Visitor: 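I have a structure I would like to understand better, so I am pasting it below and will then ask my questions one at a time.
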Amino acid sequence: MSLQGRVQPALEVFNRYAADAKIVLLHPTNRLRNVLLACLISDPDIRSFYYSFDLDDINLLNFMISFADGMSSQHATFGRHINLLQNKVLKNPYKYFDDVLRAVISELSELHDGEYYLILDEFDRADRADDVQRLIERLSHFLPERCKLVINTRTLPRMPWLSMIAKGHAVILRDDHLVREDFYQNRNSEGAELKVLSLGPGYVFLGDHLVDRWEGHLPRLLLFFTLDRPVVTRNEICETFWPGLDIDQAVNVFHVTKRRLHKALGIDALMHDGTYYRIDPEVPFYFDAFEFIEALMIGRYGESDDAFEVWQRVANLYRGPFLQGHNEQWILERREAFQFAYIEALENTAAYWAQDGKHELALHTLARALDTDYANEAIHKKLLRLYMHLGRRAEAVTHCRSLEKWAKSSKTRLSGDIQQLFSDIIA
C-alpha cells in the first residue's frame with residue numbers, strides 16, 4: 001500500500017477521535033506520527049501552532065523560557081503572561097506551580113480566536129522533567145475549549161492516562177486505530193496471581209488470599225500509585241507521599257516503604273531501571289482500572305453490537321470510589337475521573353432502559369447516579385424530564401423541591417436552565 005493509502009485512514013481516525021478530546025497522544029509506536037504532524041501543519045483548513053521541545057527543556061523554568069520564545073515567532077504577543085512569572089519561577093518553580101499553570105492557560109486563551117491545535121513535538125526530551133509532565137497533565141483540565149494538544153513522542157509520557165481517558169480528556173492513537181487496551185504496554189492478566197482492585201476501598205489479593213499485613217497504609221498506596229502511570233520517578237513518589245520532608249529524609253522513608261511492599265507481597269513487584277520505577281513486567285498482574293477503561297472505550301466509541309451490555313459491565317466494574325477512605329490529593333483527582341466515567345455508564349444504561357420501555361429501571365439507574373454525584377444538574381434534568389414524560393408530575397415537583405432545598409443548604413447556585421425547567425414543571 002502507498003504511503004498516501006496508509007496516511008488517509010490515519011487522518012480519518014485522528015479527526016474522529018480528536019473531536020472530543022483535549023489531548024491527543026500519538027503513541028510512540030505510531031509509525032505515521034511524523035507524517036500526521038506534517039499533514040496537520042500543512043492543511044490550510046486547520047490552524048495549528050508548533051513547538052518542538054529543546055534538549056534543555058529538562059525543568060519547568062527552561063521549558064517556560066524556551067516555550068515563550070518559540071511560540072512568539074508564531075504569535076507576536078505570546079509570552080507576556082509567562083514573562084511576568086520568570087522571577088518567581090527562578091526562586092521556586094514548585095512553589096509557584098499554580099501561577100505558572102494560570103499563566104500558560106492565559107497564553108493559550110489568547111493564542112487564537114477559533115479552534116486550533118497546539119502541537120508539542122519531541123516531547124520525550126522532557127522525559128525526566130517531572131514538573132513539565134505535571135504541567136501538561138494539569139493543562140488537560142483547564143485548556144480553552146477551542147484548543148487541543150497533540151503530543152508527538154518517542155516514549156510514553158509519565159502521566160495518569162487511565163484517569164485522563166476516564167474523564168474524556170485524552171485519547172491515544174497508534175497508526176490508524178484508537179488504543180483501547182494495553183495502555184502502558186503491559187497486558188492485564190485476568191488469571192494472574194496478583195490482583196489489585198482500586199475501585200472501592202482498595203484490595204490486593206495474592207491468589208485467593210487478601211493481603212492485609214502492610215505495616216501501615218503507605219506500602220499499599222505505593223503499589224496503586226505505581227500502577228497508575230506507565231513509570232514514575234523517585235522524586236515523584238517522594239513529593240507525593242512525603243512533601244514535608246527534605247529529599248534525603250523522603251528517600252530513606254521511601255526505601256523503607258518499598259521494602260515493606262516487598263515483604264507484604266512476598267515478591268519484589270517494584271522494579272527500578274536506573275531512572276524510573278514501574279511494576280516489574282515479569283510479574284503477571286490484574287488491575288481493575290485497566291479493565292474498567294477498556295470496557296469504557298468500547299461503550300464510548302460504539303465498538304460493540306450490544307452497547308447496553310457493555311455499559312452495564314462498566315457500571316458493574318465500579319465497586320465504589322477510587323481508593324475509598326483515602327483523601328490524598330492524587331487519589332481525589334483519580335476518584336473524580338473514574339466517577340465521571342461511572343456516571344457516564346449509568347446515564348447510558350438508563351437511556352437504554354427508557355428506550356426499551358423499562359422506565360422504573362431507568363429512574364432507578366438515574367437515582368444511582370445522583371447518589372454518586374447529587375450536584376450533577378444534567379442527571380437531575382434527565383430524571384425530571386422522564387418523570388414528566390411518564391405523566392408523574394407530582395414526583396417531579398417533589399424532586400424539584402428537594403433539589404432547591406439541597407441547593408440552599410449547600411449554598412449552590414442552580415443554573416438558569418434547571419430553574420426554567422422547574423418553572424415549566426411547577427407552572
Side-chain angles (χ1 to χ4, degrees), residues 6-43 45-53 67 71 74 104-105 107-109 111-112 114-127 132-185 229-230 293-294 296-298 300-303 337 340-341 344:
R6 285 180 290 174
V7 171
Q8 189 56 40
L11 274 173
E12 291 172 1
V13 166
F14 178 93
N15 291 330
R16 175 187 174 189
Y17 294 115
D20 298 320
K22 294 175 179 289
I23 294 182
V24 181
L25 173 65
L26 303 181
H27 195 277
T29 60
N30 189 326
R31 295 166 296 179
L32 301 173
R33 51 194 177 85
N34 292 325
V35 180
L36 280 171
L37 288 195
C39 292
L40 292 177
I41 294 170
S42 62
D43 191 333
D45 297 326
I46 296 175
R47 187 66 176 100
S48 60
F49 297 89
Y50 177 85
Y51 176 76
S52 179
F53 274 73
F67 184 51
M71 293 295 293
Q74 301 171 69
V104 175
I105 293 167
E107 300 285 8
L108 297 181
S109 297
L111 190 53
H112 188 57
E115 293 186 355
Y116 68 92
Y117 291 113
L118 173 59
I119 298 169
L120 300 179
D121 199 6
E122 307 279 2
F123 190 76
D124 47 282
R125 289 176 171 172
D127 269 355
V132 175
Q133 301 270 336
R134 181 184 173 206
L135 176 67
I136 301 304
E137 186 266 319
R138 296 303 299 158
L139 272 178
S140 70
H141 299 274
F142 305 108
L143 280 173
E145 285 296 322
R146 57 189 181 276
C147 171
K148 295 185 188 299
L149 293 185
V150 180
I151 298 177
N152 188 32
T153 177
R154 286 177 288 261
T155 58
L156 199 59
R158 296 183 287 107
M159 298 179 200
W161 292 103
L162 297 179
S163 61
M164 292 167 69
I165 291 170
K167 197 71 181 287
H169 287 175
V171 292
I172 304 174
L173 303 182
R174 182 187 290 120
D175 296 337
D176 60 353
H177 68 273
L178 177 73
V179 175
R180 295 190 290 108
E181 58 187 7
D182 303 339
F183 301 101
Y184 300 162
Q185 296 175 291
R229 301 172 184 235
I293 298 301
E294 289 167 5
L296 174 70
M297 299 287 273
I298 295 171
R300 184 177 281 173
Y301 297 108
E303 297 176 4
F340 179 92
E344 180 182 349

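Given the structure is predicted, the values throughout are model-derived calculations rather than measurements.
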Visitor: Using the side-chain contact (heavy atoms from CB on, under 4.5 Å) rule, take H27 and L156 through it: C-alpha gap first, then chi angles, then the decisive distance, then the call.
Guide: CA-CA 7 Å; H27 195 277; L156 199 59; 4.2 Å; yes

Visitor: Between Q74 (side chain) and Y50 (backbone), is there a donor-acceptor pair under 3.5 Å?
Guide: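 Yes, because the side chain of Q74 sits within donor-acceptor range (under 3.5 Å) of the backbone of Y50.
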
Visitor: Report yes if the distance between the aromatic ring centroids of Y117 and F14 is under 6.0 Å, otherwise no.
Guide: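 Yes - the distance between ring centres of Y117 and F14 falls below the 6.0 Å cut-off.
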
Visitor: Ignoring hydrogens and angles, state whether a donor on the side chain of R174 or N30 is under 3.5 Å from an acceptor on the partner side chain.
Guide: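 No donor-acceptor contact under 3.5 Å links the two side chains.
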
Visitor: Kindly write out the residues that satisfy ring-ring contact (aromatic ring centres under 6.0 Å, His included) with H141, not counting sequence neighbours, or none if the list is empty.
Guide: H169

Visitor: Any side-chain heavy atom of I136 within less than 4.5 Å of one from P157?
Guide: no

Visitor: Just jot down the ring-ring contact (aromatic ring centres under 6.0 Å, His included) partners of F142, sequence neighbours excluded, or say none.
Guide: none

Visitor: Between N15 (side chain) and L11 (backbone), is there a donor-acceptor pair under 3.5 Å?
Guide: yes

Visitor: For the CG atom of L173 and the CD1 atom of I151, what is their distance to the nearest 0.5 Å?
Guide: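 These two atoms lie 11.5 Å from each other.
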
Visitor: When rounded to the nearest 0.5 angstrom, what is the spacing between OH in Y17 and CZ in R300?
Guide: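 Here the interatomic distance stands at 12.0 Å.
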
Visitor: Starting at CZ of R125, measure out to CG of L120 and round the result to the nearest 0.5 Å.
Guide: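 Going from CZ on R125 over to CG on L120, the span is 13.0 Å.
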
Visitor: Look up atom CG in L37 and atom OG in S42, then write down how far apart they are to the nearest 0.5 Å.
Guide: 10.5 Å

Visitor: Tell me whether D20 at atom CG has more than 12 heavy atoms from other residues, nucleotides or ligands lying less than 6.0 Å away.
Guide: no

Visitor: Checking F49 now: which residues fulfil ring-ring contact (aromatic ring centres under 6.0 Å, His included) with it, not counting sequence neighbours?
Guide: Y116

Visitor: Between F53 and F67, is the side-chain contact (heavy atoms from CB on, under 4.5 Å) condition met? List the steps.
Guide: CA-CA 8 Å; F53 274 73; F67 184 51; over 6 Å; no

Visitor: Ignoring hydrogens and geometry, is there a side-chain-to-backbone donor-acceptor pair from E115 to R146 under 3.5 Å?
Guide: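 Checking the backbone N and O of R146 against the side chain of E115, no donor-acceptor pair under 3.5 Å is found.
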
Visitor: For L25 and M159, what are the C-alpha separation, side-chain angles and deciding distance, and is it a side-chain contact (heavy atoms from CB on, under 4.5 Å)?
Guide: CA-CA 11 Å; L25 173 65; M159 298 179 200; over 6 Å; no

Visitor: Tell me if a side-chain donor or acceptor on R180 pairs with a main-chain N or O of I298 at a distance below 3.5 Å.
Guide: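 Not at all, since once roles are kept as given, no pair shorter than 3.5 Å links the two residues.
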
Visitor: If you round to the nearest 0.5 Å, how far is CD1 of I105 from CG of L139?
Guide: 6.0 Å

Visitor: Does the K167 side chain pair with the main chain of S140, one donor and one acceptor, at a distance under 3.5 Å?
Guide: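 Looks like no, no N/O pair under 3.5 Å.
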
Visitor: Let me confirm one number: the CG-CD1 distance from L149 to I23, rounded to the nearest 0.5 Å.
Guide: 5.0 Å

